[in-house]
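The structure appears below as structure tokens.
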Amino acid sequence: MYLKKLVSMNTRLKVVHNPVRQYSRNIVKLLSERGMLHTVFPRETVPSLIKKLESKSRGVYAGFDPTADSLHIGNLAVIIALIHAQRSGHVPIALIGGGTGRVGDPSGKSVERPALNLEVLNRNILGLKTDLENIFDNHRKYFWTSNSGDLKDVVMVNNEDWYKDMNILDFLGDVGRHFRLGTMISRQAVKSRLDSDEGISLTEFTYQTLQAYDWLKLFKDVDCLVQVGGNDQMGNISAGQELVSRVLDQQVFGVTIPLMVSETGDKFGKSAGTPVWLNWAKTSPFQVYQYMLRRPDSELDRLLKTFTFLPLGEIENTLRKHSGKPEARYGQEKLAENLTLLLHGERGLSIAQKSTNILFKQSVEELASLSVEETREIFQQADYIQKLYQPGVCILDFALSIGCFKTERDALRIICAGGFYLNNNRMKNPEEVIVHGTHILRNNISLVRVGKKNYYVVEWT
């Protein structure tokens with residue numbers, strides 16, 4: 001309540017030098033209105049933060065450790081917070097923890113992370129960089145117009161660049177002296193591990209000092225006023241805020257975002273331990289689109305505000321239209337379209353929508369419009385066969401020739417029982433002759449399905 005009061009007291013917009021910018025620089029208000037604000041600290045200095053944000057463009061940063069070769073959807077709220085800062089005229093700074101990734105953040109972990117070898121670490125760094133570049137590029141291309149003002153370019157940094165040549169004695173002498181052991185031990189991430197049977201290693205214990213130094217470095221180099229992170233990062237962000245204050249006698253500010261959880265309380269984007277990745281090769285656009293289509297109505301308001309850039313009024317209209325006919329899943333479609341476009345661009349969204357129409361709406365017309373590349377992209381797990389067309393071939397011979405069945409007896413039994421589909425149509429007559437226009441679509445593709453899940457893509461030559 002105190003925070004909301006402070007935010008509301010400081011919402012009067014000031015005239016900025018760019019006459020076409022349509023957005024306030026006050027990202028605190030913006031994030032609060034969209035339900036994306038957990039905490040601002042130091043809490044008593046919120047008016048000072050708002051004044052500094054509205055006075056000129058500032059650096060706003062978030063860090064991402066390369067623990068995997070892709071970010072996942074649980075990271076996306078923080079990335080979108082950076083983009084909101086960018087839309088408000090500030091400089092988004094995405095820090096990849098090539099150095100801190102070798103140490104491991106104990107936050108939210110009951111056991112120490114396994115050490116990564118350099119080959120894996122470098123591959124992960126490249127993967128995260130690609131994810132971030134794709135998202136920022138897609139935002140600029142599909143969600144921003146030139147008449148809204150200029151967007152500051154995202155600044156990508158890797159903290160390995162300043163740690164790789166740093167002497168440990170210099171770090172302890174110049175940086176370590178500013179940390180107090182009692183404060184470090186009191187951090188929740190450390191305290192919970194100290195109270196556990198696993199304990200905490202010196203390596204993990206020092207993680208907060210490294211993340212704190214990152215902020216000090218960025219403040220000196222690029223005027224980084226704000227660090228954004230999930231609310232599980234409160235301890236690490238506090239350590240950085242305190243370090244900058246002690247070393248430079250400058251006030252900087254931490255902003256935390258609520259952790260994304262499902263209505264069941266599980267971490268958002270994880271199903272049976274499998275994350276929804278932001279990398280196309282690990283989670284396809286179709287899988288992202290379907291994941292969002294399956295979200296329950298109870299999550300729609302929060303997800304539309306967090307994962308889209310739709311104005312709040314448009315979100316209200318979307319929810320109102322959705323509530324009139326919830327079975328049509330209008331709200332989920334709007335969410336899926338916006339998020340898939342942000343992650344994977346127009347091509348990814350097109351493939352996701354075509355896949356949905358083909359697999360769930362049985363659209364033969366959509367199937368006939370696919371290119372060979374799109375067909376292979378959609379049906380990645382299917383067997384792909386190139387086949388020379390010969391007049392007079394029947395369904396039975398065709399099915400046997402592409403390896404759908406081990407024996408003719410199996411083929412006859414399953415076809416006659418209605419378990420064989422060609423272009424989403426059930427084929428029950430094994431003697432029916434394959435012809436163009438019916439069995440072979442205008443794109444020279446035939447999609448074969450046996451049972452519910454076994455697909456074969458046939459390209460006719």
Side-chain angles (χ1 to χ4, degrees), residues 271-272 274 280-291 293-294 327-329 332-333 336 340 344 347-461:
S271 175
T274 303
W280 184 318
K282 292 172 73 77
T283 302
S284 71
F286 169 69
Q287 291 170 314
V288 171
Y289 191 87
Q290 285 298 314
Y291 183 81
L293 280 183
R294 293 194 298 269
E327 65 275 12
R329 306 191 75 75
Q332 283 87 347
E333 281 195 359
T340 307
H344 301 304
R347 178 170 173 264
L349 176 59
S350 174
I351 287 174
Q353 291 175 324
K354 288 178 179 179
S355 303
T356 299
N357 289 336
I358 291 166
L359 295 176
F360 296 103
K361 299 180 181 179
Q362 307 295 303
S363 173
V364 176
E365 182 59 34
E366 198 79 76
L367 182 59
S369 71
L370 297 179
S371 67
V372 173
E373 292 74 20
E374 288 175 326
T375 307
R376 297 187 73 168
E377 180 69 44
I378 292 170
F379 299 98
Q380 294 181 21
Q381 307 304 317
D383 289 343
Y384 178 79
I385 302 117
Q386 286 186 315
K387 190 169 179 60
L388 180 65
Y389 175 71
Q390 294 179 324
V393 175
C394 67
I395 292 289
L396 175 62
D397 292 339
F398 167 66
L400 290 170
S401 70
I402 62 173
C404 293
F405 306 103
K406 292 182 178 180
T407 66
E408 182 176 325
R409 182 177 178 180
D410 287 341
L412 287 169
R413 176 175 55 83
I414 292 173
I415 292 171
C416 292
F420 183 83
Y421 296 81
L422 193 51
N423 302 328
N424 289 331
N425 295 312
R426 180 180 278 123
M427 300 283 116
K428 297 184 71 171
N429 179 7
E431 300 302 321
E432 186 173 339
V433 174
I434 301 288
V435 295
H436 282 277
T438 301
H439 309 98
I440 303 173
L441 301 175
R442 64 174 183 270
N443 54 0
N444 288 323
I445 293 290
S446 294
L447 178 67
V448 175
R449 174 163 61 91
V450 179
K452 292 184 177 180
K453 296 182 179 179
N454 298 313
Y455 284 93
Y456 304 79
V457 175
V458 180
E459 180 188 1
W460 296 89
T461 59

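Because the structure is predicted, anything quoted here is derived from the model rather than measured.
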Exercise. Of the non-hydrogen atoms in Leu396 and Ala411, which two are nearest, and what is the gap between them?
Worked result: CD1-CB, 3.6 Å
For this session: Please identify each residue that fulfils side chain to side chain contact (heavy atoms under 4.5 Å, CB included) with Arg409, with sequence neighbours left out.
Result: Thr407
Exercise. Do Glu365 and Lys354 meet the salt-bridge criterion of a basic N to acidic O distance under 4.0 Å?
Worked result: no
Seminar exercise, completed: By side chain to side chain donor-acceptor pair (under 3.5 Å), Gln362 pairs with (sequence neighbours left out) none
Exercise. Roughly how far, to the nearest 0.5 Å, is the OG1 atom of Thr283 from the CZ atom of Phe286?
Worked result: 12.5 Å
Exercise. At what distance, to the nearest 0.5 angstrom, does CD1 of Ile402 lie from OH of Tyr456?
Worked result: 7.0 Å
Exercise. Are any of the side-chain heavy atoms of Ile445 and Val372 separated by less than 4.5 Å?
Worked result: yes
For this session: For residues Ser446 and Leu422, report the shortest heavy-atom separation together with the two atoms involved.
Result: CB-CD1, 3.9 Å
Problem set entry | Val433 side chain near Val393 side chain, heavy-atom distance below 4.5 Å | no
For this session: List the steps, then state whether side chain to side chain contact (heavy atoms under 4.5 Å, CB included) holds for Tyr289 with Leu349.
Result: CA-CA 8 Å; Tyr289 191 87; Leu349 176 59; 3.9 Å; yes
Problem set entry | Interatomic spacing from CG in Leu367 to CG in Asn423 - rounded to 0.5 Å | 5.5 Å
For this session: Would you please classify the geometry between the Phe420 ring and the Phe405 ring as parallel, tilted or perpendicular, with 30° and 60° separating the classes?
Result: tilted
For this session: Answer yes or no: are there more than 12 heavy-atom neighbours, outside Gln380 itself, under 6.0 Å from its atom CD?
Result: yes
Seminar exercise, completed: Minimal heavy-atom distance between Lys282 and Gln287, with the atoms involved, is O-OE1, 4.2 Å
For this session: Compare every heavy atom of Ser369 with every heavy atom of Glu374, then report the nearest pair and how far apart it is.
Result: OE1-O, 4.2 Å
For this session: For the residue pair Cys394 and Pro430, establish whether any side-chain heavy-atom pair is separated by less than 4.5 Å.
Result: no
Problem set entry | Derivation and outcome, side chain to side chain contact (heavy atoms under 4.5 Å, CB included), residues Ile440 and Val435 | CA-CA 6 Å; Ile440 303 173; Val435 295; over 6 Å; no
For this session: Enter the distance from Ile358:CD1 to Leu370:CG here, rounded to the nearest 0.5 Å.
Result: 4.0 Å
Seminar exercise, completed: Minimal heavy-atom distance between Ile378 and Ser355, with the atoms involved, is CG1-OG, 3.0 Å
For this session: Evaluate the criterion ring pair (Phe, Tyr, Trp, His ring centres under 6.0 Å) for residue pair His439 and Phe398; output intermediate values, then yes/no.
Result: CA-CA 11 Å; His439 309 98; Phe398 167 66; 8.6 Å; no
Exercise. What are the two closest non-hydrogen atoms of Pro285 and Gly348, and how far apart are they?
Worked result: CB-O, 3.3 Å
Exercise. Between the main-chain N or O of Ser350 and the side-chain N or O of Gln353, is there a donor-acceptor pair closer than 3.5 Å?
Worked result: no
Problem set entry | side-chain hydrogen bond (donor to acceptor under 3.5 Å, both in side chains) partner of Thr356, chosen from Glu333, Lys361, Gln290 | Gln290
Problem set entry | CE on Met427 to CZ on Arg449, rounded to 0.5 Å | 11.5 Å
For this session: Under the side chain to side chain contact (heavy atoms under 4.5 Å, CB included) rule, what do Trp280 and Ile351 come out as? Steps first, then yes or no, please.
Result: CA-CA 12 Å; Trp280 184 318; Ile351 287 174; 3.9 Å; yes
For this session: Run the numbers on Glu459 and Asn443 for side chain to side chain contact (heavy atoms under 4.5 Å, CB included), then give the verdict.
Result: CA-CA 9 Å; Glu459 180 188 1; Asn443 54 0; over 6 Å; no
Problem set entry | Point-to-point distance, once rounded to the nearest 0.5 Å, from CG of Leu359 to CD of Glu366 | 11.0 Å
